[in-house]
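Written below as structure tokens is the structure these notes are about.
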Number of protein chains: 2
Amino acid sequence: MKERDDILRAAAEFLGRRPNATQDEIARAAGVSRATLHRHFAGRTALFAALEQLAVAQMRQALATARLADGPATDALARLVAASQDASAYLALMYSQSQEYDPEHPHEAWAEIDAEIAALFRRGQEAGEFRLDLGPAWLADAFYSLAAGAAWSVQTGRAAARDFTHMVTTLLLHGAVRR
Amino acid sequence: MKERDDILRAAAEFLGRRPNATQDEIARAAGVSRATLHRHFAGRTALFAALEQLAVAQMRQALATARLADGPATDALARLVAASQDASAYLALMYSQSQEYDPEHPHEAWAEIDAEIAALFRRGQEAGEFRLDLGPAWLADAFYSLAAGAAWSVQTGRAAARDFTHMVTTLLLHGAVRR
DNA sequence: CTCAGATGAGACAGAAACGTCTCACCTGAG
DNA sequence: CTCAGGTGAGACGTTTCTGTCTCATCTGAG
């Protein structure tokens with residue numbers, strides 16, 4: 001029996017790479033038939049609702065795990081990146097779907113998550129840990145971009161999953177220039 | 001009269017945010033009717049071919065402008081980012097379309113462009129400018145991710161176009177941590 | 001003003017995908 | 001082994017979108 005969450009993960013990964021995928025293709029990628037996909041999610045709208053809900057839940061979990069208010073902002077960010085790895089397939093999907101799926105409620109949830117991440121960057125700036133010339137909103141966007149990009153690299157085999165945290169954290173905190 | 005290139009740019013920006021957009025939506029976003037869109041691009045396939053061709057051409061132009069082999073790798077990268085701004089709408093689109101559009105020829109062109117960018121990072125590493133613990137392939141992917149993310153921020157009004165280069169270059173080279 | 005060329009609106013046939021259902025078969029617990 | 005629940009394949013009617021076309025109108029150069 002194929003677990004609902006297994007289907008969702010496979011769907012998220014597939015849709016992250018093929019935003020135009022048909023239900024048939026999504027079902028196949030998830031290893032089930034279209035009828036089974038329909039039984040779990042009564043149509044594309046329901047599938048996307050479930051994906052978004054799971055993405056939000058996972059990011060909320062990541063935020064709770066990372067405890068952004070605790071300790072140095074630098075350490076909190078590293079914890080956030082690590083905790084976001086599980087959600088990264090969904091981030092890549094949400095990134096590619098962007099405004100595609102647009103009900104009221106989930107955007108509020110994302111706004112909340114965005115605000116918490118931006119607040120972490122702001123805290124870091126106020127504490128003198130992070131530079132002031134890059135806005136917290138951009139830093140939060142960049143976090144998402146890099147996480148989604150790294151997820152994609154992992155999915156396409158260009159990077160190892162175990163390197164996710166290091167790749168994103170190092171670049172986000174320290175950049176490419178050698179110390 | 002609406003210029004063909006104006007249509008392509010508007011289409012790229014719109015599709016970067018709405019990869020599933022219908023031809024009708026694309027046309028409207030470009031300020032023309034579907035019939036006119038069809039007259040310029042005989043169908044979705046032709047539209048995507050034109051978009052990809054333009055993206056490749058613009059990135060090639062950016063590479064030529066940036067002269068990646070000249071001077072310190074750090075400076076070359078900054079030049080690349082600056083030169084890529086015009087192409088960034090297309091990068092965001094190509095990012096969201098990913099494997100969606102898949103003819104033989106354009107992927108070869110992208111592979112070439114990718115290789116040149118990765119070679120810049122490799123050169124920087126060999127010259128001791130860039131850290132060694134992040135692979136050139138990831139650094140190239142990260143460049144794309146940040147450029148696309150910044151393009152999106154600019155498009156959605158969360159960042160100013162004039163800050164594009166600074167946002168991407170600073171983060172890519174130096175990261176968020178304060179010196 | 002004229003007129004060639006461009007445009008938008010809308011029509012239309014066809015294709016693809018959708019949502020949904022039925023039925024035969026499978027799976028795994030008891 | 002039995003049987004409840006799950007599954008896949010395929011059918012089917014509906015919907016959406018597509019590619020394409022016609023025709024009336026608009027635009028801008030001469």
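Bear in mind that the values here come from a model prediction, so they are computed numbers and not experimental data. Reminder, nothing fancy here: chain letters follow the sequence lines and each chain counts from 1.
Evaluation of atom-type donor-acceptor distances gives a pair under 3.5 Å for the side chain of R39(A) against the base of dG8(D).
When the C1' atom of dA9(D) is taken as reference, atom CG of D24(A) falls 11 Å away, rounded to whole Å. Between F41(A) atom CZ and dC18(C) atom P the separation is 15 Å, expressed in whole Å. Atom CD of Q23(B) and atom P of dG8(C) are 15 Å apart (whole Å). Atom-to-atom, NE2 of H40(B) to C1' of dG19(D) comes out at 16 Å; the value is rounded to the nearest Å. Rounded to a whole Å, the CZ atom of F48(A) is 14 Å from the C1' atom of dC18(C). Atom CG of L37(B) is separated from atom P of dC21(D) by 15 Å (rounded to the nearest Å). In this structure, CZ of R44(A) is placed 14 Å from P of dT16(D), rounded to the nearest angstrom. Between the CD1 atom of I7(B) and the C1' atom of dA6(C) there is a distance of 11 Å, given to the nearest Å.
The side chain of S33(A) has dA9(D) as its nearest neighbour among dC23(D), dA9(D), dG19(C). If you check dT22(D), dG8(D), dT18(D) against the side chain of T22(B), the one that comes closest is dT18(D). Closest to the H38(B) side chain, of the nucleotides dT7(D), dG19(D), dG8(C), is dG19(D). For T36(B), the listed nucleotide lying nearest its side chain is dG8(C); candidates were dG8(C), dG19(D), dC23(C).
Applying the 6.0 Å contact sphere to CD of Q53(A) captures no more than 12 heavy atoms from other residues, nucleotides or ligands.
Annotation: the terminal axes of the helix from dC1(C)-dG30(D) to dG30(C)-dC1(D) meet at 40°, where each axis is the rotation carrying the C1' atoms of four end pairs onto the next four (5 pairs per end, rounded to 10°).
Applying the side-chain contact (heavy atoms from CB on, under 4.5 Å) test to H38(A) and every residue at least two apart in sequence or in another chain returns A42(A). Under the side chain to side chain donor-acceptor pair (under 3.5 Å) criterion, D5(A) pairs with no residue, sequence neighbours left out.
Under a 4.0 Å N-O distance rule, the pair R123(A)/E129(A) does not qualify as a salt bridge.
Using bins of under 30°, 30° to 60° and over 60° for the plane-to-plane angle, the ring pair F130(B)/F121(B) lands in the tilted bin.
The minimum heavy-atom distance between A83(A) and A62(A), with the atom names listed, is O-CB, 3.4 Å. The minimum heavy-atom distance between L134(A) and Q125(A), with the atom names listed, is O-NE2, 2.8 Å.
Comparing R34(B) and G43(A) along DNA chain C, the residue whose closest nucleotide (by nearest heavy atom) sits nearer the 5' end is R34(B).
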